[in-house]
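A short worksheet on the structure shown next.
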Amino acid sequence: MEMVPSEENQLVPKEIENAAEEPRVLCIVQDTTNAKTVNERLTLNLPASTTLSKLFEDVAHKASYVNGTFDLAWGKTGDMGSLDPSSEMSLTESGFEPGKRNFLQLTDKDGEQPQIASDESGTAGSSGLDDSSQERFIGPLPRDGTVGCSSDCSSPSYSYSSILNKSDTGYVGLVNQAMTCYLNSLLQTLFMTPEFRNALYNWEFEESEEDPVTSIPYQLQRLFLLLQTSKKRAIETTDVTRSFGWDSSEAWQQHDVQELCRVMFDALEQKWKQTEQQQFSPLTADLINQLYQGKLKDYVRCLECGYESWRIDTYLDIPLVIRPFGASQAYSSVEEALQAFVQPETLDGVNQYFCERCKKKCDARKGLRFLHFPYLLTLQLKRFDFDYTTMHRIKLNDRMSFPEELDMGPFIDVEDEKSPQTESCTDSGAENEGSCHSDQMSNDFSADDGVDEGICLDSASSTERVLKPKSSLTFELFSVMVHSGSAAGGHYYACIKSFSDGQWYSFNDQHVSKITQEDIRKTYGGSSGSRGYYSSAFASSTNAYMLIYRLKDPSRNAKYLDCDDFPEHIKHLVQREKESEEQEKRQREIERNTCKIKLFCMHPVKTMALMENKLEVHKDKTLREATEMAYKLMELDGVVPLDCCRLVKYDEFHEYLERSYEGEDDTPMGLLLGGVKSSYMFDLLLETRRPEQVFQPYKPGEVMVKVHVVDLKTDTIAPPVSIRAYLNQSITEFKQLIAQATELSAETMRVVLERCYNDLRLVYVPNKTLKAEGFFRSNKVFVESSESPDHQVTFTDSLLWKLLDRHGNTIRLFVSLPVQSPGTNRTICPKVCGDTEECSEGSKGNRNSVEAILEESTEKLKNLSLQQQQGSSTSDSQKSSDTSDFEHIESPSPSQEPDSSVSAAVAVDNRELENRIRAAGGGTYSDPETQFPGEERSDSEVNNDRSTSSVDSDILSSSHSSDTLCNADSGPIQLANGLDSHSITSSRRSKANEGKKETWDTAEEDSGTDSEYDENGKSKAESYYLYFRAEPYAQEDGSGEGGQKCVLVHVDKRITLSAFKQNLEPFVGVTSTQFKVFRVYANNQEFESVRLNETLSSFSDDNKITIRLGRALKKGEYRVKVYQLLVNDAEPCKFLVDTVFAKGMTVKQSKEELMPQLKDQCKLDLNIDKFRLRKKTWKNPGTVFLDYHVYEEDINISSNWEVFLEVLDGPEKMKSMSQLAVLTRRWTPAQMKLEPFQEVVLESSSVEELKEKLSEISGIPLENLDFAKGRGTFPCDISVLEIHQDLDWNPKVSTLNVWPLYICDDGAVVFYRDSTEEPMEQSEDERNELMKKESSRLLKTGHRVSYSPRKEKALKIYLDGGPVKDPGQD
């Protein structure tokens, strides 16, 4: 026998040496005998000398069929027919090609399906599973519990009680903190790995050396113990993540499970290296490497001389490609992907390898060879990839099968061909890299690293390696980590086989359930059935992502440690965890028996408002003990004696004391409150009293009534007095009860019930019960008892009703007046005053004059009030500060009207006051600059500007209240026939709205404003009068700026905005048409109130209002914002001015109005023919407005309208509405840049005309011109790197107004290019630099960047307890 030398100078048989280097044949078999298996493929990697009969035997074993009951035929060359199952010809002789994939089809024999072989392992018996197991669901559990519903990375919802009982499987789940499903899957896999779990138990934590909170091994040890011994359904992982140095935000970060595995293994290794324990076994000290680390050789071999350079690498997992780069078909199985992993590639052409021996570039083979497989083999299926076409991250859902038992024997030292014999290998000078001949590479590393664990074939001779039993490299699958979702996010769960009973389980966060082999096969991925062309669209997004195999070696395969076999330190830890769990259980029991209820108390010292807290008391505690707890909780110790406090049943919403608990001090709180509940329909009030007082008993069934005493003589309403009554009491009995509490006469008493807000009802039927009258738990009544004639008047005509009506509708507003002096000439665009002494002094004088006038106005109000008191039988008196918000409210009797001379004096004094205000301002109300050219003001408008009406006189004198109506020409008139202010207001409003056109063309409906004048030119505010009183007010916080005045206004909220503005005229100093009203909200945002016919009903007490000078809108006018369109600027939209357009105005007239404003405010001196106005829709330019267009006729206009102003380079090209203005932009690929915009005016919507115009302005031949419509908002910016693929170039249409162009209006953006122009050639660095510039440019302009991946926080585990934060970082 011929012998050849080995690397250790030993002789081995040449036949064995040749067998080790024999070419192999990859056979891929498709089973077409069953619809369920038609998409499955069997992969066999056989020596080329294998016979056909042996091939049939191997296929039968692989497919679990009886040999001889099926046929094999060529999958792609049907003319060759079926293969002979009895032939002894080798595969190469039968037409199989080594080094390539050979496709076969497994078919029926003689029309009958193959017989399934019996298999004790049960793997082949999937067809015999019962129906229930076939339908079992192992994917992400749905939130609502419905089978088949997918979930995101968040944990399915669960209640705390659902995790208290252990699963029927006997296994414990892990709670998903938020998005920690990836962590849960890995932890459960490690826990179900006997070797890892047992080694972790053997490690002992030394508390003296490290903080247990930051010790990762210790927290994993505790977690594993809880998973093994806890009686809960699921346990938390917060202690483990805290040991990682993570905070709560990390729970909301999605990460890759394979990345976590690598990072956590590295952290564990470093922690264990820091812990130098004498009792540490070598296996535990280097646990990760001993269990998970393998070795492979990365080599390059010269094909001319056989010289080989190599490097040894270690690995913890093997990444397997799902779909090769550029390929359309994915690998069908793990075996096929492994074969591709070790398949060498040829370096030739420009990729030739420089051979050290040949001293030149030569063709070479580059590849990987496995030298050593770990005990626990981890395979990562690379399902996440990057699509360079779309520049997006994607997930590959292609089907990839994996076996339950994986034979790794074929993947050790696979070589493609025999290399030429050369001299002995050279000395590399390094331990893990060097060079040698290919025929000697097998035993290069026999002594490398002294490997004594795992399967390392290089430590034996070639003879031993070849003769070693094949079963020594057989791995069994025990964990499948599954990902469900897309590349943007999803959910992880684990399918794990228990080594105790061989049963597969699904560990899906806190849910653990049994599954079957059929469920495992569902994780292969791909579509559930054949869908032809659309198969990829229907591919399942739930598929295997990581596979973990364990070597089948009875000598090393460990079993889980039982509790009896635990080391002593673990037994102590178990005992501590049990005690902690029992303590937690007791605490939960206490929580379940604790009543939690709202507690209120009126603290006699701290505040007069109700204090709120939560009382937590055990259900067995007595009322006396609960009162003591509430006493301490409300901090009454030392303020009120404990015996002066009691707990009563209280309803905060209705402010109602339901009952007191007399004689029940020893009753348990559980009985008093009706048991332990998650929430109560009532509250508790800790009531206090003074030592000399006695608590009033509150009986069930009583109602709380707040009684306000009304005094018609002083027009005051007293603070409430609380009394308790019964719903079955009569009105007579109720009056007696009130009389006792208020010392009023029950005989003359009138009782008014306010059932709801401002709903007043006089209760007068003596025998009617309170329940029949509408009393409820908590009620509010007004009582008046006097002998005045007001008793004889109908209630709605009485002074009592008017006073209560005014009380219910009067609100208090804080009005900030303009900083500027009143009466000064104002324009819409005021010029800035120069820094001159006259200007400064004038402003100061004006401000002083206004202040003096306001002070004088206040004095006049007082004097006029005294005059009215002398002429009236009803005297006015000031309300006390603790009554209602309105004060000094005059309410004369209808029969006692003021003297006419007094009213005349009031009117004269107020006209004088207004004239003085105008004189102080040095001007008049008229504002010529705000008038349109040729516009004449109406007589009513002139009269209104010239003097204030008598209404204003009445307002200033405060001589009339809300019970009178004022006419412009006569004195006040009384309310007629019992009509209240509601009916008057509504009837007036309905009349005002009569004849209004129901179209969108009216200013009232569309512009959001109403005219302040009726059809006769008379002010609408003069038609009726509601209560209004104003007085100067100094802001306590000093927020008033630079002389700004504030006015405190008491006003009936049923007044219209128009009347309200006219009432403010004397204080503002200009007419109501020359100032605007802005409502100030809580966040200091201001919004203009413009609907003059609307009332102030939306306002409430203490609302703030700001008055700003500026012309208010008239009927048919619209406020317009003007923006400049700069098509070639980085910011194409720039705000210019606010202006006013009127209905019926032409575009040319509006341009004429704009020109002086633009010159004064924006320094734009424009020629009327050198700019245009056009429609603005958000940021997009639209229809070009021609000079002869009329607003509201040719151009629809609305409130807060926006238009573009565009400066033209030359005369206007748009002459008619039939033309179309298109903005075009050229892209030059040779320079990789976009040219500036150019406008093209088309006479029609023809594509041909557009191309002709583009050819004309660019010089591009018509046949070479490509165009595309821009996308998004103007300027439709796009990266020059993506414009060629992102846009739809040259759409096959003849007109512009059809899909996909839809260019029907001016302002559309069209890109164009020369189709013959080649893109600029760029290096990788130049392309990256351009990509950065484009990204920066697009981000600055606010436009999209095509690929902006989700920013993921890097996965880190901190060994020092957490990241070090920068103190200056927010």
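- The aromatic rings of Phe814 and Tyr1033 are tilted relative to each other, their planes meeting at an angle between 30° and 60°.
- At least one side-chain heavy atom of Arg1079 sits less than 4.5 Å from a side-chain heavy atom of Asn1103.
- Between Lys780 and Leu753, the shortest heavy-atom distance links the atoms O-CD1, 3.6 Å.
- Enclosure of atom CG in Asp759 by more than 12 non-hydrogen atoms of other residues, nucleotides or ligands within 6.0 angstrom is indicated.
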Going by atom type alone, with no hydrogens or angles, which donor-acceptor pairs under 3.5 Å involve a side-chain atom of residues 681-690 and a protein atom two or more places apart or on another chain?
residue, atom, partner, partner atom, Å
Asp683, OD2, Glu652, N, 3.2
Glu687, OE1, Arg646, NE, 2.9
Glu687, OE1, Arg646, NH2, 3.0
Glu687, OE2, Tyr698, OH, 2.6
Arg689, NH1, Pro691, O, 3.4
Arg689, NH1, Gln693, O, 2.9
Arg689, NH2, Asp643, O, 3.3
Arg690, NE, Glu692, OE2, 3.1

Worksheet item: So Glu664 and Arg624, salt bridge (Lys or Arg N to Asp or Glu O under 4.0 Å) or not? Walk me through it.
Response: CA-CA 9 Å; Glu664 300 186 68; Arg624 181 181 288 105; over 6 Å; no

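- A distance of 9.5 Å separates CG in Leu800 from CZ in Phe782, rounded to the nearest 0.5 Å.
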Worksheet item: Are Leu760 and Val752 close enough, and set up right, to give a side-chain contact (heavy atoms from CB on, under 4.5 Å), and what steps lead you there?
Response: CA-CA 6 Å; Leu760 304 175; Val752 180; 3.9 Å; yes

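- For Glu658 and Lys699, the salt-bridge test fails: no basic side-chain N is under 4.0 Å from an acidic carboxylate O.
- Within 6.0 Å of atom CZ in Phe695, more than 12 heavy atoms from other residues, nucleotides or ligands are found, so the atom counts as buried in its surroundings.
- Residues Glu662 and Ser660 bring a donor and an acceptor atom of their side chains to less than 3.5 Å of each other.
- Counting heavy atoms from C-beta outward, Leu804 and Ile717 have side chains that approach closer than 4.5 Å.
- With values rounded to the nearest 0.5 angstrom, Ser1100 atom OG is found 7.0 Å from Ile811 atom CD1.
- Taking 4.5 Å as the limit, every side-chain heavy atom of Met611 sits out of range of all side-chain heavy atoms of Phe600.
- Of the possible donor and acceptor atoms, one in the side chain of Ser785 sits under 3.5 Å from a partner among the backbone N and O of Ser745.
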Discussion item. Run Asn779 and Leu770 through side-chain contact (heavy atoms from CB on, under 4.5 Å) and show every step you take.
Written reply: CA-CA 10 Å; Asn779 308 276; Leu770 299 186; over 6 Å; no

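- At a threshold of 4.5 Å between non-hydrogen side-chain atoms, the residues Phe1060 and Val1049 count as touching.
- Lys598 forms no cation-pi arrangement with Tyr680, by the criterion of a distance under 6.0 Å to the ring centre and an angle within 45° of the ring axis.
- Taken from NZ in Lys706 to CD in Glu754, the straight-line distance is 11.5 Å, to the nearest 0.5 Å.
- Side-chain contact between Ser722 and Met704 is present, with heavy atoms from C-beta onward closer than 4.5 Å.
- Across Tyr650 and Leu610, no two heavy atoms sit closer than the pair OH-CD1, 3.4 Å.
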Practice prompt. Give the C-alpha distance, both sets of side-chain angles, the deciding distance and a yes or no for side-chain contact (heavy atoms from CB on, under 4.5 Å) between Val783 and Val710.
Written response: CA-CA 6 Å; Val783 297; Val710 180; over 6 Å; no

Worksheet item: When you look at Val1077 and Ile1105, which way does the side-chain contact (heavy atoms from CB on, under 4.5 Å) test go after all the steps?
Response: CA-CA 7 Å; Val1077 176; Ile1105 289 176; 3.6 Å; yes

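- To the nearest 0.5 angstrom, Ile723 atom CD1 is 4.5 Å from Leu737 atom CG.
- Scanning both residues, Cys601 and Met634, for their nearest heavy atoms gives CB-CG, 3.8 Å.
- Side chains of Glu787 and Thr748: no donor on one and acceptor on the other come within 3.5 Å.
- Val751 and Val781 get closest at one heavy-atom pair: CG1-CB, 4.2 Å.
- Side chains of Thr796 and Thr794: a donor-acceptor N/O pair is absent below 3.5 angstrom, by distance only.
- A 4.5 Å side-chain heavy-atom check between Leu636 and Cys645 finds at least one atom pair inside the cut-off.
- For the residue pair Arg1029/Tyr1027, the side-chain donor-acceptor check at 3.5 Å is satisfied.
- Residues that satisfy the side chain to side chain contact (heavy atoms under 4.5 Å, CB included) test with Lys768, not counting sequence neighbours, are Ile731, Arg761, Val765, Ala772, Glu773.
- The CD1 atom of Ile1107 sits 8.0 Å away from the NZ atom of Lys1061 when rounded to the nearest 0.5 Å.
- Two residues are said to be in side-chain contact when any heavy atoms from C-beta on lie closer than 4.5 Å; Ser798 and Arg750 meet this criterion.
- Between Phe734 and Phe775, the distance separating the two ring centers is shorter than 6.0 angstrom.
- The shortest distance between side-chain heavy atoms of Leu615 and Lys596 does not fall below 4.5 Å.
- Aromatic rings of Tyr1081 and Phe1087 (six-membered ring for Trp) have centroids within the 6.0 Å cut-off, being under it.
- Side chains of Thr714 and Thr716: a donor on one and an acceptor on the other come within 3.5 Å.
- Salt bridge annotation for Arg806-Asp1052: absent, with no cationic side-chain nitrogen under 4.0 angstrom from a carboxylate oxygen.
- For the pair Asp1101 (side chain) and Arg812 (backbone), a donor-acceptor distance under 3.5 Å is present.
- Between Asp805 and Arg1054 there is a salt bridge, since a side-chain N of the basic residue sits under 4.0 Å from a carboxylate O of the acidic one.
- Residue Ser786 comes nearest to His791 through the heavy atom pair O-NE2, 2.7 Å, listed as atom of the first residue, atom of the second, then distance.
- Minimum heavy-atom separation, Tyr631 to Gly638: OH-N, 3.8 Å.
- Note that NZ of Lys649 is 8.5 Å distant from CD1 of Ile597, once rounded to the nearest 0.5 Å.
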